[in-house]
Amino acid sequence: MTDFSQGAAFIDDEYVPVADARIPVLDWGFLHSDATYDVAHAWHGRFFRIDDYLDRFHASMERLRMSVPYSREQIRSIMFELVKRSGLRDAYVEIVCTRGLPAPGSRDPRSCENRFLAFAIPFVWIASDELRETGLNLLISSQQRIPPESIDPRIKNYHWLDMVMALFEAYDHDADSAVLVDAEGNLVEGPGFNVFVRHGNTVMTPSRGVLEGVTRETILELLVRENLEVEQALLPAATARAADEVFITSTAGGVMPVTRISGKPVGDGKPGALTAQLNAAYWALHDDPAYSVPIDY
Ligand SMILES: *Cc1c(COP(=O)(O)O)cnc(C)c1O
């Protein structure tokens, strides 16, 4: 029996242990970061909002003029099969489409056969258990996020050099992670997460220059349910620094408190009550049949 306990991958029409999954070096996904991907998750043996992740993945492929020989239904079943084979109850499930290999010697993207691959690995957290308890110190990076005029940020992509350099900058300043800015210095997003700030009864999140996170969307829905005022707008750094509460959202962790911005305490410097309430509500939705589907192991 093949051992999938460290994770299972689907590539070239086969299921293999994730450590054995490989792509050729000439694939443009590797050589040009010419790829799109998505990350869904299973929690306590159930997929969360899987159809929303699939919608986003298909929209991304369409915007990049990619197509794969698997239907949406087939991709959905592959995701279930990967989690089943791995036996993981809590899994991080990534689906990827790369541009693939061009015709030999060609630089014409139309000659590429797009590649689909996917994998399920143990659930990944953006922030450690301790940081999710105490709150993160989030650096407002001097790094500008690739502008939406260059690359549509609604397409989940591997253009991460700005994010990675921002992480180095954060660690140089003893911060835990970084949020990048646009050309005017407004906050946009960080490596794999969206950002929210609360001022009194108003909760703000950047309206542009960001990936439309499924977690972000879930939190926006929960905020409306709680009768809080929600504003999707530009988020100047000064507004974030003066916030009563700041939190970040991601599939890889849910709702995580930020208690310092560039080293300075947010509010009283403790994780906010709304953050904790939203995080509890977010995880509670994972057992709700309206938001999640069971995996038949
Ligand atoms: C994945 C990602 C997010 C968070 O999106 P979720 O769907 O909530 O996981 C935010 N920003 C970027 C750049 C991302 O890649």
Side-chain angles (χ1 to χ4, degrees), residues 29 33 35-43 47-61 63-64 79 90-97 118-121 123-127 132 136 138 140-141 143-148 150-167 170 177-182 186-197 203-223 232 235 246-258 275 278-279 281-283 285-286 291-292:
S33 293
T36 186
Y37 74 110
D38 223 294
V39 178
H41 66 291
W43 190 253
F47 260 112
F48 185 67
R49 300 193 78 154
I50 185 167
D51 295 304
D52 296 309
Y53 290 101
L54 281 166
D55 284 347
R56 186 171 65 185
F57 183 62
H58 281 85
S60 296
M61 281 199 293
R63 288 185 171 123
L64 294 177
M79 293 166 78
D90 303 330
Y92 178 102
V93 184
E94 186 152 338
I95 47 182
V96 183
C97 179
F119 57 86
I121 54 174
F123 190 81
V124 175
W125 298 90
I126 279 188
R132 296 200 314 281
L136 287 85
L138 186 68
I140 299 180
S141 176
Q143 192 80 41
Q144 189 190 319
R145 180 73 176 128
I146 300 174
S150 300
I151 291 173
D152 183 346
R154 294 171 306 166
I155 303 170
K156 207 168 165 77
N157 66 73
Y158 292 132
H159 290 271
W160 267 52
L161 292 181
D162 51 357
M163 306 272 209
V164 171
M165 295 323 288
L167 279 175
S177 193
V179 57
L180 286 79
V181 293
D182 67 13
N186 301 299
L187 272 54
V188 283
E189 61 186 342
F193 58 79
N194 293 112
V195 60
F196 286 75
V197 307
V203 180
M204 296 173 66
T205 194
S207 49
R208 69 186 295 275
V210 299
L211 179 86
E212 293 163 341
V214 173
T215 323
R216 175 184 184 273
E217 184 54 37
T218 307
I219 295 312
L220 290 172
E221 291 169 16
L222 287 170
L223 286 168
Q232 297 187 50
L235 180 51
V246 178
F247 57 85
I248 59 173
T249 65
S250 171
T251 296
V255 186
M256 295 161 276
V258 171
T275 307
L278 289 169
N279 191 47
Y282 169 77
W283 288 106
L285 291 180
H286 287 64
Y291 287 83
S292 64

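When a ligand or atom number is given, it counts from 1 through the structure's own listing order. Hydrogens, waters and symmetry mates play no part in the numbers below; they use all other heavy atoms, side chains included.
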Check contact between [X] and ligand 1, using heavy atoms of the residue and a distance below 4.0 angstrom.
{"X": "E217", "result": "no"}
{"X": "E212", "result": "no"}
{"X": "N194", "result": "yes"}

>> If you take the nearest heavy atom of each of E189, H159, R49, R145, which one is closest to atom 12 (C) of ligand 1?
In response: E189
> Do the rings of F48 and H286 sit parallel, tilted or perpendicular, given the 30° and 60° boundaries?
Replying inline: parallel
> Is any NZ, NE, NH1 or NH2 atom of the basic residue among R145 and D182 found under 4.0 Å from an Asp or Glu carboxylate oxygen of the other?
Replying inline: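 Salt bridge between R145 and D182, a charged N being under 4.0 Å from a carboxylate O: no.
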>> So, regarding Y53 and ligand 1 (criterion: nitrogen or oxygen to nitrogen or oxygen, under 3.5 Å), is there a contact or not?
In response: no
Please state which protein non-hydrogen atom is closest to [atom] and give its distance, to 0.1 Å?
{"atom": "atom 15 (O) of ligand 1", "result": "K156 NZ, 2.8 Å"}
{"atom": "atom 5 (O) of ligand 1", "result": "G213 CA, 3.4 Å"}
{"atom": "atom 8 (O) of ligand 1", "result": "T215 OG1, 2.6 Å"}

> Hey, do the aromatic rings of Y92 and F123 have their centres closer than 6.0 Å?
Replying inline: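 Centroid distance Y92-F123: not below 6.0 Å, so no.
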>> Once you restrict to heavy atoms under 4.0 Å, what part of V214 touches ligand 1? Side chain, backbone, both or neither.
In response: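 Both parts.
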>> Side chain, backbone, both or neither: which applies to Y37 and ligand 1 if a contact is any heavy-atom pair less than 4.0 Å apart?
In response: side chain
> Is it the case that T251 and Y53 place a side-chain donor and acceptor less than 3.5 Å from each other?
Replying inline: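 A donor-acceptor contact under 3.5 Å links the two side chains.
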> Can you tell me if T218 and R49 form a side-chain donor-acceptor pair at under 3.5 Å?
Replying inline: yes
> Of M256, E189, R216, which is the lone residue that meets side-chain contact (heavy atoms from CB on, under 4.5 Å) with S250?
Replying inline: M256
>> Do W160 and P191 have side chains that approach each other closer than 4.5 Å (heavy atoms only, starting at C-beta)?
In response: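 In short, these two side chains touch, coming nearer than 4.5 Å.
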